[in-house]
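One structure below.
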Amino acid sequence: MLRMHNLSKVYRTQMIETHALRGFDIDVREGEFVTVTGPSGSGKTTFLNIAGLLETFDGGEFTLDGVDVRGMRDAARSRLRNEKLGFIFQGFNLIPDLDLFDNVDVPLRYRGFGAAERRERIEAALADVGLASRKRHYPAELSGGQQQRVAIARALAGSPRLLLADEPTGNLDSQMARSVMELLEDINARGTTILMVTHDPELAIRAQRNVHIVDGQVSDVLRHPASLVEGGGRTATSLQ
Amino acid sequence: MEIRPILSALLRSKTAPLLVAIQVALTLAGLVNALYIVDLRLAASARASGVADEASVFHITTSPVTKPSHEQAMAQRQRDLEVLRALPGVAAASWTNQMPVARSGTTSSYSIDRKQQRPSLLMGTYFAPPGLIDTLGLRLVEGRDFQPGDVLEIDESKDHPDGTFPTTAILSRRAAEALYPGTSALGKPVYLGTGASAPEMRVIGVVETLQTPFAQAGAEGEHSILIPLSVAGQYPRIAVRADRGQRDRAMADAEAALRKMSLAPRVVILRSTEQDRTGRYRNERTLAWMLVAVSGLLLLVTGSGIVGMTMLRISQRRKQIGVRRALGARRIDIVRHFVVENVLVSTAGIAFGLVLGLVLNRLLVTHLQLSPLPPYYLVGGALALWALGILAVSGPAWRAAGIPPATATRSV
């Protein structure tokens, strides 16, 4: 689904050159739920931005769902992003002036779906996250957890091949975080590949695989981390 | 098109869009009426005076230092005409009392029946010998020019019996139509004033166009009558037509010649009909250019308002634009978003502006006798403001399109 090999990303200013990613390798298979952890400044967000085609990279290879994205033009990247990816952000990033229906509608309009199909997808996505009855409410009228559910509905409405989540529970209390995590697990169980960046070790170990990044490189990969924790492997806290 | 969600978003934060819409409305209302007034003024200043070739015609006004006797004045005038006609480059010269668009002259009331309580028409009154029509290049469309026998010479210092007045007259077409609508005025009577003693003249000719010296707005600016009345007058005037291209030289020669052969000291003033036209319409042109400048300023201010509103909305929504880009918006989608948003705001302003423009025009029609605004001004004004809006918004919108999609994942 997503494959990066020897990927590098350098941020340059007049004075400083920062290697955000170097020799970065990862292979996310279809249907996987992968969490990405690492200390602040380790390159998690850079990795997620590149994986989500939000940023370009300087070297290496990157294929997304079989498409080589090197040198792809901006409009083509937008199209690929819209068709294959769904985003969930830490700060929800709903558009405050649009109601829930119109928020979920945003990526679908860019996709060029007709009105009837859009309506069907929006209502199904909002029903999936349990907010169908509130489609004419505005984001400010919802709790943080509900807003994140709307963001998940927006990400899912276009039937993405890969869901990218950037600290999706970072702004939520533990109860809401658990509920959102359960929703993501449910989505993954229905076949959607999920790549989630998180600081929360408890959530990180619930995935099928945890990728730990340090200094722009993958330092550790744990398969079924929850079972390892239970079996005396790396502890949850060591994931931070 | 994403009109509904954009409209919905605009309605939720409507202060800035509302202000811009009001600005668009005021601009449209002001613009169409101002430009219409400009058009009317410029059209008025371009009206034909009746003089065939204004670039070749000039006139000379003399002002004797001491009042001459009637005989002396007539002798001077005759001698002036002879000298002028003999000058190289002078095609024709005739005495008269006034010139079209010269802003100085005589108007009198005329009627078509002595029993009328009120006169029929106020007309610019030209005293004209045979040949003035030719000198000015007026186009005779009916009847004939005066003949020497038609001319009545009057010594103003003496008393004359009632009714001593020329018996023939030539009208401008507008005057003829006003006095005798739907029928030819030829051979019909025209009375100076009303009442039993009003002098009667018979119309012997009609000229196509002859503006009054004041060239008023509307038809009355072309209500003129030529009467074969010869008087010395306080300020004798001679109309001269030069050969094409010879006017300036002829004016210089004429001035020199008249000064040289004056029988008595006098002031000699020469003016071309072109100078008269410039002087007559100077205020109109000044007003027109002022209105054009104000209109341009209005458009500039409105354009700046749209740029300002768009910049503000972009700076408030940087993150949102990044999110849209992350969700699949291409750069052109972001540009289109802001253009559509602006078109919606402009359309609301234009709709209000059209109503406001018509109300303003109604006030101008009522208070300034302006004619009603033609619909194409409103259509043109609306299109101009739409175009201005799109032009003003396109720069900021392209800059917004440059906001990177990674902005969506930044925490600030």
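Remember, it's a predicted structure, so these values are computed and weren't measured experimentally. Protein chains get the first letters and strands the later ones, always in sequence-line order, with residue 1 at the start of each.
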When A:L85, A:L94, A:I95, A:N49 are compared by non-hydrogen pairs under 4.5 Å with chain B, the top option
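The candidate making the most pairs under 4.5 Å is A:I95.
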Give, as side chain, backbone, both or neither, the part of A:R77 having an atom under 4.5 angstrom from any heavy atom of chain B.
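Contact with chain B involves no heavy atom of A:R77 at all.
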Option that, when pairs with chain A are counted at under 4.5 Å, heavy atom only, ranks first among B:A9, B:S13, B:P404, B:G328:
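The answer is B:G328.
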Residue among B:R12, B:Q320, B:R331 with most heavy-atom pairs under 4.5 Å to chain A:
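Most pairs with chain A among the choices: B:R12.
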How about CD on B:Q316, more than 12 heavy atoms from neighbouring residues, nucleotides or ligands closer than 6.0 Å, or not?
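More than 12 within 6.0 Å, yes.
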Side-chain ion pair, B:E284 and B:R47, N-O less than 4.0 Å:
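Salt bridge: no.
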Test the A:R136-A:F101 pair against the cation-pi criterion, namely NZ or CZ under 6.0 angstrom from the six-membered ring centroid and within 45° of the ring axis.
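Output yes; distance and angle both within limits.
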Interface moiety of B:R325 toward chain A, non-hydrogen atoms closer than 4.5 Å
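Answer is both: backbone and side chain atoms of B:R325 are under 4.5 Å from chain A.
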Do the non-hydrogen side-chain atoms of B:Q216 and B:Q211 ever get within less than 4.5 Å of each other?
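In short, these two side chains do not touch, never coming nearer than 4.5 Å.
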Measuring only between side-chain heavy atoms, which start at C-beta, is A:R81 closer than 4.5 Å to A:V69?
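Side-chain contact under 4.5 Å: no.
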